[in-house]
4 protein chains.
Amino acid sequence: MTDETGRAPRRRADARRNESALLDAAAAVFVASGVEAPVRDIAAKAGVGVGTVYRHFPTRADLVVAVYRHQVEACAVAGEEALERADSPFEALRRWIDVFVDFLVTKHGLAGALQSDDPQFQVLHAYFLDRLLPVGTRLLEAGVAAGEVRDDVTAIELMRGVGGLCIGPADDRYDVRHTVGVFLDGMRAPAR
Amino acid sequence: MTDETGRAPRRRADARRNESALLDAAAAVFVASGVEAPVRDIAAKAGVGVGTVYRHFPTRADLVVAVYRHQVEACAVAGEEALERADSPFEALRRWIDVFVDFLVTKHGLAGALQSDDPQFQVLHAYFLDRLLPVGTRLLEAGVAAGEVRDDVTAIELMRGVGGLCIGPADDRYDVRHTVGVFLDGMRAPAR
Amino acid sequence: MTDETGRAPRRRADARRNESALLDAAAAVFVASGVEAPVRDIAAKAGVGVGTVYRHFPTRADLVVAVYRHQVEACAVAGEEALERADSPFEALRRWIDVFVDFLVTKHGLAGALQSDDPQFQVLHAYFLDRLLPVGTRLLEAGVAAGEVRDDVTAIELMRGVGGLCIGPADDRYDVRHTVGVFLDGMRAPAR
Amino acid sequence: MTDETGRAPRRRADARRNESALLDAAAAVFVASGVEAPVRDIAAKAGVGVGTVYRHFPTRADLVVAVYRHQVEACAVAGEEALERADSPFEALRRWIDVFVDFLVTKHGLAGALQSDDPQFQVLHAYFLDRLLPVGTRLLEAGVAAGEVRDDVTAIELMRGVGGLCIGPADDRYDVRHTVGVFLDGMRAPAR
DNA sequence: TATGAATGAGCCTTCATTCAT
DNA sequence: GATGAATGAAGGCTCATTCAT
């Protein structure tokens with residue numbers, strides 16, 4: 001509708017549509033087959049040629065990051081909001097971790113990729129840490145300051161720990177939310 | 001039992017030697033390159049042909065299970081012992097988890113494979129649960145009975161949780177033992 | 001000749017500018033990466049889209065020919081001049097070959113392309129021969145007439161021979177000028 | 001026939017047959033499409049899978065070297081023989097160059113590959129120089145010592161020069177032997 | 001039984017070329 | 001005319017797996 005409003009991006013409409021299709025396709029394929037799924041599969045799902053994938057996302061990490069960028073941003077924002085709105089720092093932490101877990105759990109395979117030591121995913125890894133670690137740190141610090149959270153756990157331990165708890169296939173006998181809850185309980189400052 | 005008592009046993013000796021070499025080689029290669037290492041690498045390390053690998057271990061899972069069987073057994077036994085010797089059920093649990101973590105941490109890539117949803121590893125998965133779940137259950141039950149451990153965590157949650165915390169590459173900023181400690185702290189029965 | 005006298009010429013200016021930019025870019029890229037360099041590289045260097053390259057030069061050979069046309073012309077002219085100005089026909093030949101070698105040596109990859117049997121380069125090949133063969137022939141004939149040059153070498157042998165001596169990467173141990181000198185020495189008419 | 005005489009190589013019969021087929025196929029494909037022909041083509045021609053090609057010849061250079069090894073060796077030997085048998089050092093040189101030219105001319109594309117700066121062919125390049133340069137040097141030295149050959153041409157210039165003269169498609173108008181003859185004439189020591 | 005050669009599917013990546021805008 | 005996005009053929013390489021010896 002606003003395509004004509006500006007002047008610059010004309011043909012871009014197509015490209016943007018494709019990029020978008022690619023992101024959707026990749027998201028779907030990632031869920032189904034993991035973040036290491038063949039590039040061809042993604043291209044096929046998006047209805048484009050492989051060349052198009054490479055044009056838009058030169059490396060796999062670029063694609064993965066792009067696929068999850070929105071949600072990572074949302075997750076980061078959620079952390080700030082939780083801090084403002086929750087009744088207590090610990091409650092804020094719990095809420096944020098909830099959002100984080102939702103994210104990881106619905107994006108199956110992502111948690112694994114985040115923990116992967118494959119250099120291919122370094123960029124992804126870096127992006128997550130860059131974006132989320134500061135948030136985690138702030139929440140942790142607030143909790144510690146309020147005497148609600150133990151002071152010997154770092155944000156990286158928190159996030160990688162929670163991330164690890166989210167890895168693996170869905171299973172009736174394993175309730176991610178529950179084990180994360182246990183972990184969070186373990187994060188409470190011990191009564192003096 | 002005595003296998004023909006004649007010529008065959010000799011063969012058996014060879015076969016057993018090969019199997020043993022294979023297990024050692026696989027263990028080494030798994031540590032170095034993960035449980036998904038090329039079959040050929042393992043064969044080469046063992047000084048046998050790939051065909052021999054397939055003969056002894058038709059599927060990769062068979063090999064992985066075989067490689068870790070001893071340690072899984074030892075881990076199972078360690079649970080029983082802990083229960084007998086530790087000062088308290090919770091302490092027993094902690095000791096056992098320590099053994100479990102040692103196991104996973106030194107066998108890089110194993111934790112990931114255990115959590116993998118790759119059907120290839122289903123057998124591995126099943127074996128671990130078969131062997132270790134009862135032990136975890138007993139330790140948990142003892143702890144619950146003693147009022148030291150919360151009663152809403154299942155053995156499968158305990159093990160998969162701890163397993164998840166062990167996934168990923170070594171990293172100075174992430175101390176597995178520490179996060180597992182947090183998790184265990186979260187398992188303590190809340191003071192009434 | 002005046003192309004509508006009105007609006008079109010403006011367009012022409014653009015087109016000509018583009019063509020010129022393309023030639024410069026191609027020349028640069030050819031030197032750096034050889035005459036088989038990706039079309040996109042050339043387009044990028046010229047600051048135009050690939051489509052523009054194809055519009056101006058439908059085939060790679062067209063582009064290569066266009067890029068070197070000036071120099072081929074100059075080389076042809078140099079032959080005439082040499083003939084007029086040099087002290088002797090042999091000296092003229094030597095001078096002309098010097099120019100030819102300069103040309104080939106500075107246009108790395110060109111000598112190879114000229115000798116290539118890739119049908120893609122046939123046009124290039126034809127152009128060179130069309131333009132330069134007559135010159136070579138005249139020089140040769142003059143030399144033969146003067147009794148300075150052996151009479152059993154054709155212009156095509158001369159040029160392809162010298163061309164071949166120019167093929168290959170720069171190398172301290174191989175002095176093109178030197179081997180061409182040897183070749184020319186071999187061209188001298190034997191003393192009767 | 002002698003397959004059973006020794007003990008070690010049994011299955012090798014097949015492998016050797018394949019390797020041989022591969023060499024033949026590669027030779028043929030190299031002639032037809034050049035030394036840069038797709039690995040798949042060679043495999044197809046040999047009636048084997050690509051994997052087999054890679055098993056026998058991990059890199060393209062290995063294959064090329066293997067394909068031409070016999071002839072390179074023969075060429076090296078021919079140099080020694082020429083020196084012994086020819087009437088004069090210059091005649092020996094001419095004979096040897098004849099062999100060298102025969103080799104290059106029948107192996108179309110090879111001369112080009114030898115001159116290529118593609119790092120892929122470095123091994124090939126090195127092999128040729130290793131094997132043939134000493135021979136060329138001896139012949140040259142003998143000629144110089146006898147006062148028949150000019151003393152300012154190195155073996156590398158000789159060989160790369162002759163190699164260059166051999167590059168390119170067959171053509172009625174270009175007689176390789178003839179231009180090489182001219183080059184060799186240029187190599188004669190000038191009458192004092 | 002053991003061997004390891006052979007196979008070929010499968011993944012990655014690059015580029016020439018077309019064509020809608 | 002110009003653009004550059006899209007396409008897909010091509011070619012490289014790696015392994016899991018089979019099977020003749």
Side-chain angles (χ1 to χ4, degrees), chain A residues 3 9-19 22 36-41 43-44 46-56 58-60 120, chain B residues 8 10-12 14-15 17-19 22 36-41 43-44 46-56 58-60 120, chain C residues 8 10-15 17-19 22 36-41 43-44 46-56 58-60 120, chain D residues 3 9-19 22 36-44 46-56 58-60 120:
Chain A
D3 257 14
R10 258 280 224 188
R11 175 96 233 276
R12 253 59 196 222
D14 256 55
R16 229 180 295 130
R17 202 176 344 273
N18 260 339
E19 185 156 327
L22 233 18
E36 315 230 32
V39 173
R40 273 222 233 307
D41 289 2
V48 304
V50 282
T52 304
V53 180
Y54 281 98
R55 162 176 290 275
H56 288 279
T59 75
R60 180 180 296 271
Q120 181 174 41
Chain B
R10 182 118 224 149
R11 256 285 127 95
R12 260 334 191 292
D14 257 52
R17 200 171 352 268
N18 261 344
E19 188 157 323
L22 232 18
E36 315 232 32
V39 173
R40 214 186 301 278
D41 289 2
V48 305
V50 282
T52 305
V53 179
Y54 281 95
R55 164 172 294 277
H56 286 280
T59 78
R60 181 179 295 268
Q120 180 175 41
Chain C
R10 184 120 222 147
R11 255 285 126 99
R12 256 348 189 286
D14 256 52
R17 199 170 353 268
N18 262 343
E19 188 156 324
L22 233 17
E36 314 234 31
V39 173
R40 214 187 301 279
D41 289 2
V48 305
V50 283
T52 305
V53 180
Y54 280 94
R55 166 172 292 275
H56 287 280
T59 77
R60 180 180 295 268
Q120 180 175 41
Chain D
D3 258 16
R10 259 274 229 195
R11 175 97 235 277
R12 253 59 196 225
D14 256 55
R16 229 182 293 131
R17 205 176 340 274
N18 260 339
E19 184 156 328
L22 233 17
E36 317 231 31
V39 173
R40 276 214 228 315
D41 289 1
I42 297 164
V48 305
V50 283
T52 304
V53 181
Y54 282 99
R55 162 177 289 275
H56 288 280
T59 76
R60 179 181 297 271
Q120 182 174 41

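The basis for the numbers below is simple: all heavy atoms, side chains too, and nothing from hydrogens, waters or symmetry mates. Each chain gets a letter, A, B and so on, in the order its sequence line appears, and its residues count up from 1.
- To the nearest angstrom, P of F:dG12 lies 8 Å from CD1 of D:I42.
- In this structure, CD1 on D:I42 lies 13.0 Å from OG1 on D:T52, to the nearest 0.5 angstrom.
- Both C:G51 and D:G51 lie near DNA chain F, and the one whose nearest nucleotide falls closer to the 5' end is C:G51.
- Interatomic distance, OG1 of C:T59 versus CD of C:Q120, reported as 7.5 Å (0.5 Å rounding).
- If you check every strand for non-hydrogen atoms under 4.0 Å, D:V39 touches sugar and phosphate atoms only.
- Residue order along DNA chain E, read from the 5' end via each residue's closest nucleotide, puts B:V53 first among C:R60 and B:V53.
- As judged by a 4.0 angstrom heavy-atom cut-off over every strand, C:V48 is placed among residues touching the sugar-phosphate backbone only.
- Between B:L22 atom CG and E:dT1 atom C1' the separation is 14 Å, expressed in whole Å.
- Here B:N18 does not reach the OP1 or OP2 of E:dT1: none of its side-chain N or O atoms lies under 4.0 Å away.
- Closest-nucleotide positions on DNA chain E for C:A37 and A:A37 were compared, and the one nearer the 5' end corresponds to A:A37.
- Regarding contacts with the backbone of E:dT1, every side-chain N or O of B:H56 stays at 4.0 angstrom or more from both OP1 and OP2.
- Summarising the geometry, the separation between CG on A:D41 and P on F:dG8 is reported as 16 Å, rounded to the nearest angstrom.
- With F:dC13, F:dC15, E:dC11 as the candidates, the nucleotide lying closest to the side chain of D:V50 is F:dC13.
- In this structure, CZ of D:R17 is placed 12 Å from C1' of F:dT21, rounded to the nearest angstrom.
- One can place OH of D:Y54 at 13 Å from C1' of E:dC11, the figure rounded to the nearest angstrom.
- Regarding B:R55, its CZ atom lies at a distance of 18 Å from the C1' atom of F:dA16, rounded to whole Å.
- Between atom CG of residue C:N18 and atom NE2 of residue C:H56 there is a gap of 5.0 Å, rounded to the nearest 0.5 Å.
- When rounded to the nearest whole Å, the span between CD of A:E19 and C1' of F:dG4 equals 15 Å.
- For the pair A:R60 (side chain) and A:A37 (backbone), a donor-acceptor distance under 3.5 Å is present.
- Pairing analysis of DNA chain E (Watson-Crick: purine N1 to pyrimidine N3 plus N6-O4 or O6-N4; G-U wobble: N1-O2 and O6-N3; both under 3.5 Å) yields stems of 3 or more pairs at E:2-21 with F:2-21.
- Side-chain N/O atoms of A:R40 and base N/O atoms of E:dG10 include no donor-acceptor pair closer than 3.5 Å.
- Following rounding to the nearest Å, D:E36 (CD) and F:dG11 (P) show an atom-to-atom distance of 12 Å.
- Partners of B:V53 by side-chain contact (heavy atoms from CB on, under 4.5 Å), not counting sequence neighbours, listed by chain and number: B:L22, B:V39, B:A43, B:V48, B:L63.
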